[in-house]
Amino acid sequence: MILSELQQQITDLARDFARERLAPGAAKRDREHLFPREELKEMGELGLLGMLVPEAYGGSDTGVIAYAAALEEIAAGDGPCSTIMSVHSSVGCVPILKFGTEEQRQRFLPKLASGEWIGGFALTEPQAGSDASNLKTRARRDGDHYVIDGAKQFITSGKNGNVIIVFAVTDPDAGKKGITAFIVPTDTPGYEVIRVEEKLGLHSTDTCQIAFNAMRIPIELRLGAEGEGYRIALANLEGGRIGIAAQAVGMARAAFEAARDYAKERMAFGKPIFEHQAVAFRLADMAVRIEAARQLVFHAAALREAELPCLSEASMAKLLASEMAERVCSDAIQIHGGYGYMADYPVERIYRDVRICQIYEGTSDVQRMVIARNL
Ligand SMILES: CC(C)(COP(=O)(O)OP(=O)(O)OC[C@H]1O[C@@H](n2cnc3c(N)ncnc32)[C@H](O)[C@@H]1OP(=O)(O)O)[C@@H](O)C(=O)NCCC(=O)NCCSC(=O)CCS(=O)O
């Protein structure tokens with residue numbers, strides 16, 4: 001896809017920021033598990049956290065294609081920052097924009113778009129991951145409030161975020177039609193972070209188990225109608241999956257570039273290893289795979305930007321990009337030889353960070369299920 005002049009300018013801005021401000025500190029943040037608070041603030045100031053939000057609500061309203069391109073750049077600089085950006089934008093801001101009342105949009109979107117607040121999305125529960133409608137969290141109406149009890153699992157920004165879209169059962173007899181969405185400020189009494197998970201990668205994001213203990217949410221913070229929650233969740237995950245696919249492409253590209261540069265410097269048998277056909281061909285295959293996945297991401301993004309159906313295309317992009325990315329990152333380690341396995345080189349970290357792209361916002365098998373249903 002050829003980007004428009006404006007889309008290219010936005011991409012260049014994200015690339016420069018990622019190279020200058022994100023990449024240099026990525027290893028330290030990973031090692032010390034540091035949340036990128038200052039970096040996110042700067043991303044907000046550049047308009048990178050409000051790309052899917054209209055200007056009327058304080059966003060930069062760049063469209064989905066520019067968003068995917070920028071997300072690839074941010075991911076190439078620092079995977080964790082791209083995770084926070086993707087969750088915040090696709091499944092934090094967009095549900096409020098698409099399903100919120102005017103009052104909800106005015107109240108939440110400007111602060112989310114500026115990065116003053118970070119958004120999140122809480123569908124998954126300890127017993128309900130791929131089987132997303134099997135929720136146990138309950139929301140019971142009590143006058144002009146709902147009282148919410150339950151637990152959520154693997155919630156990005158569950159501790160450091162400010163506003164989380166929460167899904168709970170309001171009618172246990174209605175199955176999928178008994179699920180309702182709520183906008184939950186994380187300073188609400190009864191919102192409790194049970195633990196921040198230790199994980200393989202993405203060390204500078206907070207992935208949390210959270211609990212709701214008699215948490216009272218006013219009816220003004222119900223998102224959409226009662227019973228509309230599952231549809232809201234799936235409709236937004238469709239967009240979220242394009243974001244995860246874009247970040248997988250970005251991380252794969254960073255690993256590829258590190259391997260290419262290393263191969264041009266590292267000498268073996270009297271010449272740079274890049275001049276050995278086995279290495280050059282491996283790099284060529286990596287470049288082809290990255291480009292193929294990128295084009296699938298842009299195709300899904302273009303459909304979504306045009307407000308055309310893209311359920312299958314979003315799943316195809318996520319499936320291909322996330323599986324491609326693990327393979328490319330593994331190849332990048334291989335090209336580095338023993339050094340690639342060491343924490344001194346970025347490919348070790350990127351390989352750990354990228355693995356989750358095959359799992360969160362729908363596993364590869366869920367993507368295959370969605371694609372197969374539409375064949
Ligand atoms: C595995 C699943 C795809 C199975 O889905 P279902 O079979 O349960 O869903 P359906 O019966 O097909 O649909 C229910 C309902 O929603 C409407 N729908 C479905 N998709 C869309 C869409 N894209 N846009 C709009 N509406 C949609 C559909 O028409 C039905 O409505 P009607 O009954 O027709 O009125 C699904 O369960 C699935 O995707 N599972 C994976 C869940 C997942 O990705 N979880 C990760 C969540 S991320 C999180 O919680 C935190 C982690 S983070 O911080 O990112």
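We number each residue from 1, following the sequence as shown. Both counts, for ligands and for their atoms, begin at 1 and track the order of listing.
Under the 4.0 angstrom criterion, atom 13 (O) of ligand 1 counts as having a protein heavy-atom contact. Distance check for atom 51 (C) of ligand 1: a protein heavy atom is found below 4.0 Å. At a distance under 4.0 Å, no protein heavy atom can be found next to atom 30 (C) of ligand 1.
In terms of protein heavy atoms, atom 49 (C) of ligand 1 is closest to Thr124 OG1, 3.4 Å. Of the protein's heavy atoms, Arg231 CG, 3.4 Å lies nearest to atom 26 (N) of ligand 1. Counting protein heavy atoms only, atom 3 (C) of ligand 1 is closest to Val370 CG2, 3.8 Å. The protein atom (non-hydrogen) at minimum distance from atom 55 (O) of ligand 1 is Glu361 OE2, 3.1 Å. The protein heavy atom nearest to atom 37 (O) of ligand 1 is Tyr230 OH, 2.8 Å.
Ligand 1 has Phe121 within reach: a non-hydrogen atom of the residue lies less than 4.0 Å from it.
In this structure, a donor-acceptor pair under 3.5 Å is absent between the side chains of Arg216 and Tyr146.
Environment of CG in Leu375: crowded, with over 12 heavy atoms of neighbouring residues, nucleotides or ligands closer than 6.0 Å. Heavy-atom neighbours of Glu102 CD from other residues, nucleotides or ligands within 6.0 Å: above the threshold of 12. More than 12 heavy atoms of other residues, nucleotides or ligands lie within 6.0 Å of NZ in Lys199, so this atom counts as buried by the packing criterion. Within 6.0 Å of atom CD in Gln277, 12 or fewer heavy atoms from other residues, nucleotides or ligands are found, so the atom counts as exposed in its surroundings. More than 12 heavy atoms of other residues, nucleotides or ligands sit less than 6.0 Å from atom CZ of Arg141.
The main-chain N or O of Ile244 is never found under 3.5 Å from a side-chain atom of Glu361 such that the two would form a donor-acceptor pair.
Remark: ligand 1 and Val87 share no N or O pair separated by less than 3.5 Å (distance only, no angle test). On a distance-only criterion, Arg373 and ligand 1 share at least one N/O pair closer than 3.5 Å. Residue-to-ligand polar distances place Ser130 within reach of ligand 1: an N/O pair is separated by less than 3.5 Å. Annotation: Ser133 places no N or O atom under 3.5 Å from an N or O atom of ligand 1; distance criterion only. Considering backbone and side-chain N/O atoms, Leu123 comes within less than 3.5 Å of an N/O atom of ligand 1.
Between Ala233, Ala235, Cys208, Ser90, it is Ala235 that holds the heavy atom closest to atom 24 (N) of ligand 1. Of the options Gln367, Arg241, Glu238, the smallest heavy-atom separation from atom 39 (O) of ligand 1 is shown by Arg241. When Lys177, His88, Lys152 are ranked by how near their heavy atoms come to atom 32 (P) of ligand 1, first place goes to Lys177. For atom 54 (O) of ligand 1, the candidate residues are Thr156, Val166, Thr205; the nearest heavy-atom contact is made by Thr156.
We find that Glu275 and Lys271 are not joined by a salt bridge, their nearest charged nitrogen and carboxylate oxygen being 4.0 Å or further apart. Electrostatic pairing of Arg15 and Glu72 does not count as a salt bridge here, judged by no charged N lying under 4.0 Å from a carboxylate O. With respect to the salt-bridge test (charged N to carboxylate O, under 4.0 angstrom), the residues Glu238 and Arg304 qualify. Ion pairing between Arg368 and Glu323 holds under the 4.0 Å rule for side-chain N and carboxylate O.
A distance of 12.5 Å separates CE in Met316 from CD1 in Ile242, rounded to the nearest 0.5 Å.
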Phe154 and Tyr360: ring pair (Phe, Tyr, Trp, His ring centres under 6.0 Å), yes or no, with the steps?
CA-CA 9 Å; Phe154 306 137; Tyr360 61 8; over 10 Å; no
Decide yes or no on ring pair (Phe, Tyr, Trp, His ring centres under 6.0 Å) for Phe121 and Phe167, but give the supporting numbers first.
CA-CA 9 Å; Phe121 183 86; Phe167 299 86; 5.0 Å; yes
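Looking at Phe154 against ligand 1, only its backbone comes within 4.0 Å, counting heavy atoms. Residue Met369 touches ligand 1 through its side chain alone, judged by heavy-atom distances below 4.0 Å. Contact annotation: for Leu234 versus ligand 1, heavy atoms closer than 4.0 Å belong to both the backbone and the side chain.
For ligand 1, the atoms sitting less than 4.0 Å from at least one non-hydrogen atom of Leu311 are 23 (N), numbered in the order shown with element in parentheses. Heavy-atom contacts of Lys176 reach the following atoms of ligand 1: 6 (P), 7 (O), 8 (O), 9 (O), 11 (O) (cutoff under 4.0 Å).
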